[in-house]
Amino acid sequence: MNDNMNVNIEEMRKTLAAKAGENPVLLLISGGVDSTVTGALLLKTLKNEQVHLLYMDTGLMRKDETSYVKAVMQNLGAKNIHIVHCEDEFLAALTGVTDPEEKRRIIGDLFISIQEREVARLGLPAGYFLAQGTIYPDLTESGKGDGKAAFIKSHHNVASPLVAQKREEGRLIEPLQSLYKDDVRDLGKALGIDSAAINRHPFPGPGIAVRILGEVTKEKCDILREADAVFISELKSRGLYDKIWQAFPVLLPLRSVGLDSGGARKYGWVLALRAINSTDAVTANVYPFDMAVLLEISAKITGTVKEIGRVTYDISNKPPATIEWE
Ligand code: XMP
């Protein structure tokens, strides 16, 4: 164990084991650091058969996310991983919707209803425990109203009816609730989680739906996913990923004229790249790429994702801009 850690793992494991006993424990996982570390703690403390992980593939995730999440959890010893494929349901519900708050509301509501349906389908005995990766800032921020992260987390963490019910029954397990993000990362490392999974950039709960301005369609999700995969892999191969707090592309709701490789006119989508540094997401500074690097990344994206005709770089700090575009 790391002596510098603010976390007493043995104490956490003891408390968890005493609370859960032999009962099944269900954890909803998202691929984010908090739920991954919570999963690792459950798997390293309880019997692997006792731990049930539920993951919803909303179709709004990054490229190959579902198999990635599955592999990370299997490496930690997970036996019961329940993957719910609900892309069609999410895309159908988002058809024709362009207002960002409306998108968030639809996604949040659907998240909860599918979650309840799928949890019921698992048929766990009534005494099962629900675990979630709530961390200290989630608790202090929820209810304050305008923090978007708090708002969206609230729909699958703090305030869903399932959580409320389990809290009332005394069957809610929140092992990270007194920890800050850095402690969670230290704990994750000590529990043997792959460092790439621990050091992932933050990703919003409603997924790439908030990074597609205008209507969300399967075609646009696929374009954005491909562009994201190229951008992130370029950052990793250049050793820049870990120097940046958060980086992602945004698909704008417009196309502009350009030329295809044969010189004919084509209308390609416009993509904005965002890369920022921050400590707490409350303020953020644009990452100052070398121009040569940006040009190479842009060329790689337009060369790989043919539907994209033009790439721009967002040079606005927060404030006045936000980190995400919506
Ligand atoms: P903004 O765009 O408000 O983002 O500057 C601040 C941080 O919060 C993340 N973010 C979210 N995280 N659910 C989340 O879990 C969300 O709905 C959500 N919206 C924004 C954003 O990626 C950034 O790190």
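Note that ligands are numbered from 1 as they come in the structure, with each ligand's atoms numbered from 1 the same way.
The nearest non-hydrogen atom to atom 7 (C) of ligand 1, considering only Ser278, Gly32, Ala281, comes from Ala281. Ranked by closest heavy atom to atom 2 (O) of ligand 1, the top entry among Arg274, His201, Arg211, Glu324 is Glu324.
With Lys220 as the partner, the side-chain contact (heavy atoms from CB on, under 4.5 Å) test is satisfied by one option alone out of Ile212, Leu213, Ile208: Ile212.
Counting non-hydrogen atoms of neighbouring residues, nucleotides and ligands closer than 6.0 angstrom, the CD atom of Glu168 reaches no more than 12 such neighbours. At most 12 non-hydrogen atoms from other residues, nucleotides or ligands lie less than 6.0 angstrom from NZ of Lys300.
For Lys318, every heavy-atom contact with ligand 1 shorter than 4.0 Å involves the side chain, none the backbone. With a heavy-atom cut-off of 4.0 Å, Trp325 does not touch ligand 1 at all.
Short contacts between ligand 1 and Thr322, defined as distances under 4.0 Å to a heavy atom of the residue, involve ligand atoms 1 (P), 2 (O), 5 (O). Counting the atoms of ligand 1 from 1 in the order shown, those under 4.0 Å from a heavy atom of Gln246 are 21 (C), 22 (O), 23 (C), 24 (O). Here is the list of ligand 1 atoms found below 4.0 Å of a heavy atom in Pro206: 13 (N), 16 (C), 17 (O).
Side-chain atoms of Glu174 and Thr134 form a donor-acceptor pair, as typed in the model, at a separation below 3.5 Å.
A cation-pi arrangement is found for Arg62 relative to Phe203, the charged atom lying closer than 6.0 Å to the ring centre and inside a 45° cone about the ring normal.
For Lys218 and Glu87, the salt-bridge test passes: some basic side-chain N is under 4.0 Å from an acidic carboxylate O.
Considering backbone and side-chain atoms alike, Trp245 places every N or O at 3.5 Å or more from each N or O of ligand 1. When only interatomic distances are considered, the shortest N/O to N/O separation between Gly205 and ligand 1 falls below 3.5 Å.
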Step-by-step side chain to side chain contact (heavy atoms under 4.5 Å, CB included) determination, Glu89 to Ile114: CA-CA 9 Å; Glu89 285 176 90; Ile114 296 181; 3.8 Å; yes
